[in-house]
Amino acid sequence: MNFSGPNFPVTRMRRLRGSAELRALVRETQLTPNDFCYPLFVVEGENVVQPIQALPGQHRWSVDKVVGEVEAALAEGIRSVILFGLPAGKDAEGSQAYADNAPVQRAVRELKRAFPQLVVMTDVCLCQYTDHGHCGPLRGDTVDNDAALQILAQTAVSHARAGADLVAPSDMMDGRVGAIRAALDAAGFQPTGILSYAVKFASAYYGPFREAADSKPSFGDRRSYQMDSANRREALREAALDLQEGADWLMVKPALAYLDILRDLREHFALPLACYNVSGEYSMIKAAAANGWLDEKLATLETLLSMKRAGADLILTYHAREAARWLV
Ligand code: PBG
Ligand code: ZN
């Protein structure tokens, strides 16, 4: 057969794929441990290292134990963590969210004391703290947006007081970035940044997290505050609002099923971008790997690379430590 076309045989794409060295020279996107932010669940008590069934390899840590885990992550090249708290008690308003001695606040203080260079972020939401599991106080059977703002702002200030570098609101209430910025500034925390979960979709992929954080809504779902998966233009509006309200950094969540949204934001905004490789995305790979259906290392690195390629500057991922080890 003697085919020639407008480009073939002159152009041959395979020329630059012939060896590992050549491929490395023309590789457009690189993953490094620096790209990862490691999510951690902190609980009351001492000496607690509790495996989370739905997130194989992940644990709930008491504050004394999380320090050792972070030390190991730092040694593997990870520079940032995001903390989630499980409180001792819940109520209708989620008041343990802003208690200065709750697990997140104590963990922030201990981690910044032990590792001043560690970038510490905190998730700001109320669903782990409310007895009904919604992301703010209720009015009838829906979340009272403006009442939630007050509590979220107070929570963000308590995280800043503990020493968080960035607070990350994940509640999807309208106006929360502005309310948090104003409260931080009024309390003297001008340097504390806001990483906004600007574009957070109502997603089935949060399932394992809700087991880990005990934050499943006791009735209904989160569709009256989290975004509809179908909406791409609305994502741009959410991001633009958070930018105007003072967000320093924008996040898209989940990541894998929303890579188009991540790319959209990359093209429309100059802010740093993060994406959340959420619990269900992690557990899918872990489950398939446990069955021998996927090569875990290759599948994980390919997935994380897709997020970087789509435009993420930072990937929140439970794979952080393992992936960092695979990359050296
Ligand atoms: C709290 C919160 C959730 C996640 C991060 N912050 C759950 C939710 O909105 O129900 C999900 C993270 C994950 O699935 O890994 N609002
Ligand atoms: Zn929430």
Side-chain angles (χ1 to χ4, degrees), residues 36-70 72-73 76 78 81-90 94 96-97 102-104 107 122-123 125-135 170 197 200-222 226 253-257 275-297 299-301 303-304 315-326:
F36 307 140
C37 174
Y38 184 22
L40 291 160
F41 299 93
V42 288
V43 293
E44 297 283 355
E46 263 178 56
N47 215 20
V48 181
V49 180
Q50 205 175 72
I52 301 165
Q53 294 303 318
L55 288 174
Q58 304 299 308
H59 302 81
R60 300 187 194 92
W61 312 90
S62 53
V63 173
D64 56 321
K65 286 292 182 183
V66 85
V67 175
E69 176 67 4
V70 170
E76 289 159 352
I78 289 158
V81 296
I82 182 162
L83 303 179
F84 296 88
L86 283 88
K90 307 187 187 224
Q96 281 302 303
V104 165
T122 55
D123 183 88
C125 201
L126 304 175
C127 47
Q128 292 108 283
Y129 301 92
T130 53
D131 49 19
H132 45 76
H134 279 286
C135 300
S170 69
Y197 288 70
K200 177 172 177 178
F201 292 94
S203 172
Y205 288 100
Y206 306 149
F209 173 96
R210 291 179 188 170
E211 182 212 300
D214 187 28
S215 63
K216 192 172 181 298
S218 62
F219 67 90
D221 55 40
R222 304 208 199 292
Q226 299 179 347
K253 175 185 174 191
L256 196 50
C275 68
Y276 203 141
N277 174 216
V278 299
S279 57
E281 300 170 32
Y282 172 87
S283 299
M284 285 196 303
I285 290 187
K286 286 285 172 185
N291 278 291
W293 297 336
L294 276 181
D295 179 318
E296 182 175 358
K297 173 181 168 179
T300 301
L301 293 177
T303 301
L304 295 170
I315 303 168
L316 283 66
T317 180
Y318 305 98
H319 297 289
R321 284 196 60 193
E322 271 181 320
R325 287 198 294 273
W326 287 326

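Every value quoted in this text rests on a predicted model; they were computed, and no experiment measured them.
- A donor-acceptor distance shorter than 3.5 angstrom exists from the side chain of S283 to the backbone of A54, with no hydrogens or angles considered.
- By the 4.5 Å heavy-atom criterion applied to side chains, Y318 and K286 are not counted as neighbours.
- For Q128 (side chain) and F84 (main-chain N/O), no donor-acceptor pair under 3.5 Å exists by modelled atom type.
- Looking only at side-chain heavy atoms (C-beta outward), Q226 and Y197 stay at 4.5 Å or farther from each other.
- No close placement of the H132 and F219 rings is indicated, their centers lying 6.0 Å or farther apart.
- No side-chain heavy atom of K90 sits under 4.5 Å from any side-chain heavy atom of Q96.
- Y282 contributes a side-chain N or O that, together with a main-chain N or O of P56, makes up a donor-acceptor pair within less than 3.5 Å.
- Checked by atom type and distance alone, the side chain of S62 pairs as donor or acceptor with a backbone atom of N47 at under 3.5 Å.
- Summarising the geometry, atom CG belonging to D214 is positioned 7.5 Å from atom CZ belonging to R60; distances are rounded to the nearest 0.5 Å.
- Taking the side chain as every heavy atom from C-beta outward, Y38 and I82 never approach each other to under 4.5 Å.
- Summarising the geometry of I52 relative to A212, their closest heavy-atom pair is CG2-CB, 3.6 Å, with the distance given to 0.1 Å.
- Checked for salt-bridge contact, K216 and E211 miss the test: no charged N lies under 4.0 Å from a carboxylate O.
- Of all heavy-atom pairs between F36 and A324, the closest is CE1-N, 3.9 Å.
- A donor-acceptor contact shorter than 3.5 Å is absent between the side chain of K253 and the backbone of V278.
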